[in-house]
Amino acid sequence: MDAQRALLDELMGSARNLTEEEKKGYREMRWDDKEVCGPFMLKFCPHDLFVNTKSDLGPCPKVHDLKLKESFEKSPRHDAYVPKFEAELAQFCEKLVTNLNRKVKRGQERVAQDDVQPTVPITSEKSGQLLLVEERIKKLLEQIESLGEAGKVDEAEALMRMVDSLNAQKTGLMAQASDKGLAQTQEKKIALCEICGSFLVANDAAERTQSHVTGKQHVGYNMVRDFLSEYKAAKDKAREEERLTKEKEAEERRKQRERKNEERDRGHDRHREREFERERSREWGGRSSRDGGRGFDGRPNHNRNGRDRDRDRFRDRNGDMTRDRARGRSRSRSPARHVYRRSSRSPVRPY
């Protein structure tokens, strides 16, 4: 019924049974609705893999619609929803595989117990024959011992040959019982399929083995295991690429820090060099002023400051005044005659 209903929904739409009044408030289902099965949209739904098998999961509680699947595959948001549906399907498959591995482990323990060949009991007929043979062998051995004590060697050797014949008969009876038990064990020997956990006959025909491999349960669990392996491998690869990317970014940041440190160190070196040059210039400037305005090479230093220039002008003025005084003294000492006028006043006497 569910399969027929799904087929009708696919052909006629899910609103086929609604009245015109009901259809007015009806909203068409979209592939991103919560009621839609994400694993079915992506690849497969595990509920569809084991229908009518021993591992039947029953019908899926969500909607499976091929039209919605086609719209999902054509949607521009397809790539954005793929990781979500993959995670949902992987979680479902992980649960199935975990339960299946427990079943396989129990089956392996059973097969290991069956591999130990049990002791097959001997039938009553064979058991009676063995008892008779053993009794005759025992009696003959007693007779041989008596004949040996009596010195009848030839008779004792004849009885010994009979004992050997009876021992061979006993060995044959035991071997027949052992072969029968081995045949029974081989007929009952079983094997286990580690893919789906089913029990198989170890020496079964190739046709039956091939039928099992192509069966719905084996194929379904094989799909589940393959998807889970691919999903985990892709996740591991993505984590490895993310790790390498982070390491590359960290290495790039480290190189940038080293370049910045080198540039800062070079800037500090240039700053120290400029400071050193300015300090040296100040030292040479002070030395040239002390050397009378000449630099270290004996040439006039034109880079003197204003104080030095003022000092030079003061020296020049003093020199002119000194020269003027010298000229005055020289004129006063000349032999020219001086006329003194007499005053009515009494002359001032020198002290």
Side-chain angles (χ1 to χ4, degrees), residues 39 43-60 86-131 133-134 167-237 239-240:
K43 287 189 176 183
F44 61 87
C45 177
H47 288 273
D48 297 338
L49 300 179
F50 309 105
V51 179
N52 297 328
T53 66
K54 293 181 180 180
S55 302
D56 195 339
L57 301 175
C60 181
E86 282 183 343
E88 185 178 349
L89 180 56
Q91 185 178 4
F92 199 160
C93 292
E94 183 71 30
K95 187 183 298 184
L96 289 176
V97 171
T98 300
N99 295 331
L100 179 61
N101 288 338
R102 294 197 190 101
K103 179 181 177 181
V104 170
K105 185 177 180 180
R106 292 193 298 267
Q108 289 174 344
E109 294 174 354
R110 177 181 170 184
V111 170
Q113 292 176 358
D114 292 340
D115 285 341
V116 179
Q117 296 181 3
T119 302
V120 181
I122 301 176
T123 61
S124 58
E125 182 181 358
K126 297 293 182 182
S127 178
Q129 293 178 2
L130 285 174
L131 289 175
V133 171
E134 290 176 352
N167 283 327
Q169 185 179 355
K170 177 183 175 181
T171 303
L173 292 173
M174 295 180 67
Q176 291 176 7
S178 178
D179 293 340
K180 185 177 180 180
L182 180 60
Q184 292 177 356
T185 303
Q186 290 178 348
E187 289 176 359
K188 296 180 180 180
K189 188 173 182 180
I190 59 176
L192 180 70
C193 177
E194 296 184 356
I195 299 296
C196 62
S198 300
F199 288 102
L200 306 172
V201 178
N203 56 351
D204 204 353
E207 292 79 5
R208 291 178 63 87
T209 303
Q210 183 65 24
S211 177
H212 165 76
V213 173
T214 57
K216 184 180 292 185
Q217 181 168 306
H218 185 90
V219 172
Y221 277 117
N222 202 19
M223 288 178 62
V224 169
R225 290 182 181 275
D226 287 345
F227 169 77
L228 197 58
S229 299
E230 293 174 359
Y231 178 78
K232 291 182 178 180
K235 283 292 183 181
D236 294 339
K237 183 179 179 181
R239 282 193 293 268
E240 181 66 17

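If you're wondering where the values come from, they're calculated on a predicted model, not measured in any experiment.
Taking CG of Asp226 as the reference point, atom CD1 of Ile195 lies at 8.0 Å (rounded to 0.5 Å). Atom SG of Cys45 is separated from atom CD of Glu88 by 9.0 Å, given to the nearest 0.5 angstrom. For the atom pair Asp48 CG and Lys216 NZ, the distance stands at 9.5 Å (nearest 0.5 Å). We find the CZ-SG distance between Arg225 and Cys196 to be 9.0 Å, quoted to the nearest 0.5 Å. Within the model, atoms CG of Asn101 and CD of Glu194 stand 9.5 Å from one another, a figure rounded to the nearest 0.5 Å.
Across Leu192 and Gly107, no two heavy atoms sit closer than the pair CD2-C, 3.7 Å. The minimum heavy-atom distance between Asn52 and Asp56, with the atom names listed, is N-OD2, 3.1 Å. Considering every non-hydrogen atom in both Gly58 and His47, the closest pair reads O-ND1, 3.0 Å. Taking all atoms of both residues into account, the shortest heavy-atom contact from Pro46 to Phe92 is CG-CD1, 3.9 Å. When all heavy atoms are compared, the tightest approach of Ser198 to Gln217 is OG-NE2, 3.1 Å. The minimum heavy-atom distance linking Val224 with Cys93 is given by the pair CG1-CB, 3.6 Å.
A donor-acceptor pair under 3.5 Å links the side-chain atoms of Thr171 to the main chain of Asn167, judged by distance alone.
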Residue pair Asn99, Arg102: steps toward the side chain to side chain contact (heavy atoms under 4.5 Å, CB included) verdict: CA-CA 5 Å; Asn99 295 331; Arg102 294 197 190 101; 2.8 Å; yes

Working for side chain to side chain contact (heavy atoms under 4.5 Å, CB included), residues Leu96 and Leu228: CA-CA 10 Å; Leu96 289 176; Leu228 197 58; over 6 Å; no

Check against side chain to side chain contact (heavy atoms under 4.5 Å, CB included), Leu200 and His212: CA-CA 9 Å; Leu200 306 172; His212 165 76; 3.7 Å; yes

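Salt bridge absent: Lys235 and Glu86 never bring a charged side-chain N and a carboxylate O closer than 4.0 Å.
Classification of the Phe50-Tyr221 ring pair by plane angle, with boundaries at 30° and 60°, yields tilted.
Around CD of Gln91, the count of heavy atoms belonging to other residues, nucleotides or ligands within 6.0 Å does not exceed 12.
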